[in-house]
Amino acid sequence: YYSQYIMYKIGITGSIGTGKTTIANLFALFKVPIFDADKEIKKILNSEKIKQKIQNKWPHVIRGNEINKSKLKSIIFSNKYEKIRLEKLLYPYLEIEKDRFEKTNYNKNILVYDVPLIFETKTEKKYDLIILTNCNITLQRKRVLNRDKISNSLFEKIIKSQLSYNEKIKFKPEIINTKRAKFFILLKIVILLTKIQIKLKLKKWKTKEN
């Protein structure tokens with residue numbers, strides 16, 4: 001039995017501060033459901049169960065039942081081993097949320113996933129299309145330091161922990177430079193969505209033929 005729903009998964013990835021959320025928000029204008037990995041991780045970190053597990057592993061980052069996010073960030077981005085420990089703790093919960101998102105939107109034919117580390121986690125095969133956001137390092141630094149209120153040295157550590165732009169383009173993603181005017185970015189998304197809709201209609205038609 002072939003499901004009448006053909007799901008097309010778009011992953012949005014890119015280094016910190018390169019405009020992933022901006023691109024996801026533009027897709028949302030066309031009523032495309034968005035899975036925001038960072039938002040989900042924040043929710044997971046706020047759950048009592050996870051706070052307890054974090055307290056067991058890194059007791060000094062918990063103060064008054066709250067996680068000191070900047071302290072946690074500086075630990076995991078200063079030590080690769082600690083970063084892997086945290087990912088192993090959080091990722092299974094993130095996968096549960098991802099499954100829930102897909103089940104909720106089972107009747108939508110295009111889904112967008114805003115996931116910072118697609119290539120780093122070797123999960124690129126899970127997506128039909130990957131968009132890589134990019135902008136120059138000066139703009140990137142300015143965005144991150146303003147938004148996250150972190151030090152420049154922590155910003156540099158985060159950048160070093162992610163694959164470089166040159167390594168990412170080897171995977172042949174669709175590149176969107178977020179320094180460009182919003183109108184051009186929006187136009188690119190409209191063209192992408194139109195192409196995908198045509199592809200899906202053809203696929204559905206071929207399935208019916210068979």
Side-chain angles (χ1 to χ4, degrees), residues 1-28 30-59 61-73 75-77 79-133 147-148 158 161-163 168 171 173 196 200:
Y1 174 71
Y2 188 87
S3 166
Q4 69 185 99
Y5 302 112
I6 298 170
M7 215 174 256
Y8 192 94
K9 298 178 182 181
I10 303 171
I12 301 174
T13 197
S15 190
I16 186 170
T18 53
K20 294 180 293 295
T21 306
T22 302
I23 301 299
N25 289 341
L26 291 176
F27 273 103
F30 300 96
K31 304 282 184 282
V32 178
I34 313 291
F35 179 82
D36 184 336
D38 279 350
K39 211 177 261 179
E40 293 303 330
I41 289 286
K42 276 180 190 146
K43 280 189 213 161
I44 293 163
L45 282 170
N46 282 330
S47 76
E48 292 306 318
K49 198 190 331 186
I50 293 294
K51 279 182 196 171
Q52 193 55 57
K53 287 183 178 181
I54 283 178
Q55 184 152 24
N56 296 341
K57 290 180 193 288
W58 303 279
V61 304
I62 298 271
R63 186 167 294 162
N65 198 36
E66 284 306 314
I67 297 169
N68 184 327
K69 305 265 171 58
S70 55
K71 216 173 225 181
L72 187 61
K73 260 182 196 168
I75 291 169
I76 63 166
F77 289 111
N79 184 324
K80 199 177 173 181
Y81 169 70
E82 297 290 17
K83 187 170 179 283
I84 292 165
R85 275 178 85 196
L86 184 68
E87 284 168 357
K88 275 189 176 158
L89 173 66
L90 300 178
Y91 282 6
Y93 293 95
L94 190 64
E95 284 306 310
I96 292 166
E97 292 311 319
K98 213 185 251 185
D99 286 346
R100 189 175 291 163
F101 167 76
E102 286 174 8
K103 283 189 179 106
T104 308
N105 297 293
Y106 72 95
N107 57 346
K108 302 284 195 298
N109 53 13
I110 300 174
L111 298 180
V112 163
Y113 300 76
D114 178 350
V115 182
L117 305 173
I118 291 178
F119 300 125
E120 287 84 349
T121 53
K122 299 179 171 58
T123 50
E124 63 276 1
K125 298 270 187 293
K126 290 186 176 183
Y127 305 94
D128 299 289
L129 171 75
I130 295 175
I131 291 172
L132 176 64
T133 56
R147 183 190 68 195
D148 298 346
I158 294 170
S161 78
Q162 300 176 338
L163 287 178
K168 286 172 184 168
F171 294 94
I196 294 164
L200 290 174

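These numbers come from the heavy atoms of this one structure, side chains and all, not from hydrogens, waters or symmetry mates.
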Nearest non-hydrogen partners of Ile118 and Gly11, listed with the distance: CD1-CA, 3.8 Å

Full working for side chain to side chain contact (heavy atoms under 4.5 Å, CB included) between Lys168 and Ser15: CA-CA 10 Å; Lys168 286 172 184 168; Ser15 190; 4.0 Å; yes

Distance-minimising heavy-atom pair for Thr13 and Val115: OG1-O, 2.9 Å

Residue pair Glu48 / Asn65, side-chain heavy-atom distance below 4.5 Å: yes

Distance-minimising heavy-atom pair for Lys51 and Leu45: CG-O, 3.6 Å

Parallel, tilted or perpendicular: rings of Tyr113 and Tyr127 (30°, 60°): perpendicular

Contact summary for Ala24 and Asp114, nearest pair of heavy atoms: CB-OD2, 4.1 Å

Minimum-distance pair of heavy atoms, taken over all atoms of Gln162 and Ile16: OE1-N, 3.3 Å

Check: Leu129 and Tyr8 side chains under 4.5 Å, non-hydrogen atoms: yes

Point-to-point distance, once rounded to the nearest 0.5 Å, from CG of Asn25 to NZ of Lys20: 12.5 Å

Residue Lys42 excluded, over 12 heavy atoms near NZ under 6.0 Å: no

Salt bridge flag under 4.0 Å for residues Glu102 and Lys9: yes

Leu163 side, atom CG; Phe171 side, atom CZ - distance, nearest 0.5 Å: 6.5 Å

Check: Phe101 and Ile34 side chains under 4.5 Å, non-hydrogen atoms: no

Phe77: ring-ring contact (aromatic ring centres under 6.0 Å, His included) partners, not counting sequence neighbours: none

Interatomic distance, Lys39 atom NZ to Ile44 atom CD1 [nearest 0.5 angstrom]: 14.0 Å

Test log, rule side chain to side chain contact (heavy atoms under 4.5 Å, CB included), inputs Phe35 and Ile12: CA-CA 10 Å; Phe35 179 82; Ile12 301 174; over 6 Å; no

Interatomic spacing from CD1 in Ile10 to CD1 in Ile110 - rounded to 0.5 Å: 5.5 Å

Set of residues satisfying salt bridge (charged side-chain N to carboxylate O under 4.0 Å, His left out) with respect to Lys73, sequence neighbours excluded: none

Under 3.5 Å: donor-acceptor pair, side chain of Glu124, backbone of Ile130: no

Closest contact, heavy atoms only, Ile50 versus Leu90: CG2-CD2, 4.0 Å

Donor-acceptor under 3.5 Å (Asn105 side chain, Lys108 main chain): no

Worked check of side chain to side chain contact (heavy atoms under 4.5 Å, CB included) between Phe27 and Ile131: CA-CA 12 Å; Phe27 273 103; Ile131 291 172; 3.6 Å; yes

Approximate separation, where rounding is to 0.5 Å, of Lys69 NZ and Glu66 CD: 7.0 Å

Close side-chain approach of Val112 to Pro33, heavy-atom, < 4.5 Å: no

Side chain to side chain contact (heavy atoms under 4.5 Å, CB included) between Leu111 and Val32, worked out: CA-CA 6 Å; Leu111 298 180; Val32 178; 5.7 Å; no

Name every donor-acceptor pair, under 3.5 Å, that has one atom in a side chain of residues 52-59 and the other anywhere in the protein, sequence neighbours excluded.
residue: Lys53; atom: NZ; partner: Tyr93; partner atom: OH; Å: 2.9
residue: Asn56; atom: ND2; partner: Gln52; partner atom: O; Å: 3.4
residue: Trp58; atom: NE1; partner: Glu82; partner atom: OE1; Å: 3.0

Criterion salt bridge (charged side-chain N to carboxylate O under 4.0 Å, His left out) on Glu87 and Lys83, from CA distance to verdict: CA-CA 6 Å; Glu87 284 168 357; Lys83 187 170 179 283; 2.8 Å; yes

Between CD on residue Glu40 and CG on residue Asp38, distance to nearest 0.5 Å: 10.0 Å

